[in-house]
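For clarity, every value in this text was computed on a predicted model and none was experimentally measured.
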Amino acid sequence: MPEPVTSVTFPPAFLWGAATSAYQIEGAVREGGRTPSIWDTFSRTPGRTAGGDTGDIAVDHYHRYREDVALMAELGLNAYRFSVSWPRVQPTGRGPAVQVGLDFYRRLVDELLEHGIRPAITLYHWDLPQELEDAGGWPERDTALRFAEYARIVGEALGDRVEQWITLNEPWCSAFLGYGSGVHAPGRTEPEASLRAAHHLNLAHGLGTSALRSVMPARNTVAVSLNSAVVRAVSSDPADLAAAARIDDLANGVFHGPMLHGTYPQTLLAATSSVTDWSYVRDGDLRAVNQPLDALGLNYYTPTLVSAAGADTTAPRADGHGASAHSPWPGAADVAFHQTPGERTEMGWTVDPTGLHELLMRYTRQAPGLPLYVTENGAAYDDKPDPDGHVHDPDRIAYLHGHLSAVRRALTDGADVRGYYLWSLLDNFEWAYGYGKRFGAVYVDYATQERTPKSSARWYAEAARSGALPPVTGR
Ligand code: IFM
């Protein structure tokens, strides 16, 4: 249900953006000296992605970036969050950069700036160079050191023209879907390795932040984008509350603990002690991870509902992170996941804007004074053009209205939210789901690569233009 419109409008400086990531949109995987990332390898492995889909062509943004920037300008967006492909810039994950790769991003940034759109760079959105995975991947400490070198290279090349920087996107997915449940690249199912990966992603964030700051103008900002979970218990039974606290540690505390407070939660260390001894956390690591941040990025889609494993509940079981015989939650075999009641998107994720408000207020309390950005929020629906070629997506409009209303309510309640990036600008490669799930505000015909703004894109453009939310129509 959309929240009622109030008289509160968004601040004039609010960023109305859209987000994408390199492997999901660029294509051109063999051009300019780019080498395979773990997602190239994973998606080419039979059975790993729906329909065997890969990002080989994706939506061909590498060749069509000018058209895509023009589209953003036409929609009146004033910010664009994209990621740099590590194997396009530093193919082996070590050593000197490839100029052609850096030049692509320089051209993209210049095009954005010419159109008055503020670029925000994410350095790592899951496309680890395959050579680094062959050397052990994120469970290995060296990968964090390699990331810092890569961060310095990109910071040096683009720090003069890009002010907003994000080290990692959703490290939870990299660690626990990549090395735990295996539904993401590299597809490993090793609980101990997933916790090692989490620590080395934290270290990469800290070392990368320092590397960026050592080469960039002081005015630039550095943040991280976390998919912090809004974890709710099915009841106030102490066992269910304990299950929720356990998942909160594994989804949130494992990253924001060291990043914001310089420590892992004691409860996390205790709950995972049968899986790992955490001996890879070396002296000085937590200080290195705990760099002061300029902002925090939050990605939100749906809340997470849990109970104690044996709880007597009728809520259907699902954790929303894809089918696997292996759990992405190390040390939490005694927790059960449930489908939150209510309307769902094409991903099966429940639409619940109250979770976004809760998340923004949580970090307002937990990190007072730290500016917040919603760096991803959006929904997949089964969009299709009508006979006239128009794509009407009133459900997405309602989703955006509900979630932007929640942002606005958080602003009223004192959260310092500076901007919102809709996921996603374009329909694109939705990882293990392939091209079957459409998150774009702009429809892409994958056969012709033709772009058609959906009605939600027009709705969002009007919100960006006016700084207030138009009503939801057409449902
Ligand atoms: O498509 C992804 C994105 O890459 C990371 N956050 C969630 C999105 C939707 O699943």
Side-chain angles (χ1 to χ4, degrees), residues 10-22 65-66 68-69 72-73 75-86 88-89 97 101-125 147-148 150-169 204-226 259-260 291-299 363 367 369-377 407 411 415-423 425 464 467:
F10 287 80
F14 193 77
L15 294 184
W16 296 88
T20 62
S21 88
Y65 72 93
R66 284 203 176 86
D68 292 338
V69 173
M72 284 184 246
L75 294 173
L77 305 189
N78 58 12
Y80 175 52
R81 171 179 177 242
F82 63 95
S83 79
V84 169
S85 158
W86 190 346
R88 201 180 283 295
V89 160
L102 285 174
D103 285 348
F104 167 67
Y105 294 106
R106 204 173 276 127
R107 289 197 305 275
L108 170 62
V109 165
D110 288 348
E111 193 75 12
L112 289 163
L113 294 173
E114 271 165 34
H115 285 81
I117 300 169
R118 286 179 63 165
I121 284 187
T122 305
L123 285 170
Y124 186 72
H125 198 125
F147 177 79
Y150 157 68
R152 187 182 48 72
I153 288 172
V154 185
E156 248 165 15
L158 300 173
D160 62 338
R161 58 198 80 189
V162 176
E163 290 183 12
Q164 283 189 287
W165 292 75
I166 292 163
T167 53
L168 308 176
N169 182 68
H205 159 76
L207 297 177
T209 300
S210 304
L212 284 175
R213 290 212 169 106
S214 72
V215 295
M216 295 200 311
R219 64 162 192 271
N220 291 359
T221 62
V222 184
V224 63
S225 285
L226 300 178
M259 287 180 183
L260 299 180
Q291 297 301 314
L293 288 177
D294 300 301
L296 179 65
L298 295 168
N299 297 356
Y363 283 98
L370 192 61
L372 304 175
Y373 289 86
V374 178
T375 40
E376 281 184 28
N377 177 241
V407 171
L411 279 163
D416 183 8
V417 192
R418 305 278 177 96
Y420 175 94
Y421 294 84
L422 187 163
W423 184 272
L425 175 68

May I ask you to test the Asp68-Thr20 pair for a side-chain heavy-atom distance under 4.5 Å?
no
Check: Does a side-chain heavy-atom distance below 4.5 Å link Val154 with Trp165?
Finding: yes
Report task. Could you tell me whether the side chain of Asn169 and the main chain of His125 form a donor-acceptor pair under 3.5 Å? Result -> no
Tightest non-hydrogen contact, residues Pro371 and Arg418, listed as CG-NH2, 3.5 Å
| query | How about Leu422 and Leu77: do any of their side-chain heavy atoms sit closer than 4.5 Å? | reply | no
Could you check if a side-chain atom of Phe14 sits within less than 4.5 angstrom of a side-chain atom of Val407, using non-hydrogen atoms only? yes
The reported gap from OG1 in Thr375 to CG in Leu298 (rounded to nearest 0.5 angstrom) is 6.5 Å
For Thr122 and Leu168 the tightest heavy-atom approach is CG2-C, 4.3 Å
Checklist entry - Under 4.5 Å between any side-chain heavy atoms of Phe82 and Val109, yes or no? => result yes
Rounding to 0.5 Å, atoms CZ (Arg81) and OH (Tyr373) come to a distance of 12.5 Å
For Leu15 and Tyr421 the tightest heavy-atom approach is CD1-OH, 3.7 Å
Residues at least two apart in sequence or cross-chain that pass side-chain contact (heavy atoms from CB on, under 4.5 Å) with Ala22, listed by chain then number, are Glu26, Ser83, Ser85, Tyr105, Asp127
The reported gap from CD in Gln291 to OG1 in Thr167 (rounded to nearest 0.5 angstrom) is 10.5 Å
CG (Leu112) and CZ (Arg118) are apart, to the nearest 0.5 Å, by 12.0 Å
> Quick one: are Leu123 and Tyr150 in side-chain contact, heavy atoms under 4.5 Å?
Replying inline: yes
For residues 210-226, the salt bridge (charged side-chain N to carboxylate O under 4.0 Å, His left out) pairs (sequence neighbours left out) are Glu163-Arg219, Arg213-Asp294
Those residues at least two apart in sequence (or on a different chain) that pass side-chain contact (heavy atoms from CB on, under 4.5 Å) with Ala464 are Trp16
Does any non-hydrogen side-chain atom of Tyr363 lie less than 4.5 Å from one of Leu370?
no
All heavy atoms of Arg161 vs all of Leu113, minimum pair found to be O-CD1, 3.6 Å
#### Entry: Test log, rule side chain to side chain contact (heavy atoms under 4.5 Å, CB included), inputs Leu296 and Met259
CA-CA 10 Å; Leu296 179 65; Met259 287 180 183; over 6 Å; no
When every non-hydrogen atom of Leu102 is compared with those of Ala97, the smallest separation belongs to CD1-CB, 3.8 Å
On a heavy-atom basis, the closest approach of Ala73 and Ile117 is N-CD1, 3.9 Å
Side-chain donor or acceptor of Asn220 paired with backbone N/O of Val162 under 3.5 Å: yes
Taking 4.0 angstrom as the limit, do Arg107 and Glu111 come out as a salt bridge?
no
CG of Asn78 to CE of Met72, rounded to nearest 0.5 Å, is 12.0 Å
CD1 (Ile121) and OH (Tyr80) are apart, to the nearest 0.5 Å, by 11.0 Å
Let's go through Leu207 and Phe147 carefully: what are the C-alpha distance in whole Å and the side-chain angles of both, what is the deciding distance for side chain to side chain contact (heavy atoms under 4.5 Å, CB included) to 0.1 Å, and is it a yes or a no? CA-CA 8 Å; Leu207 297 177; Phe147 177 79; over 6 Å; no
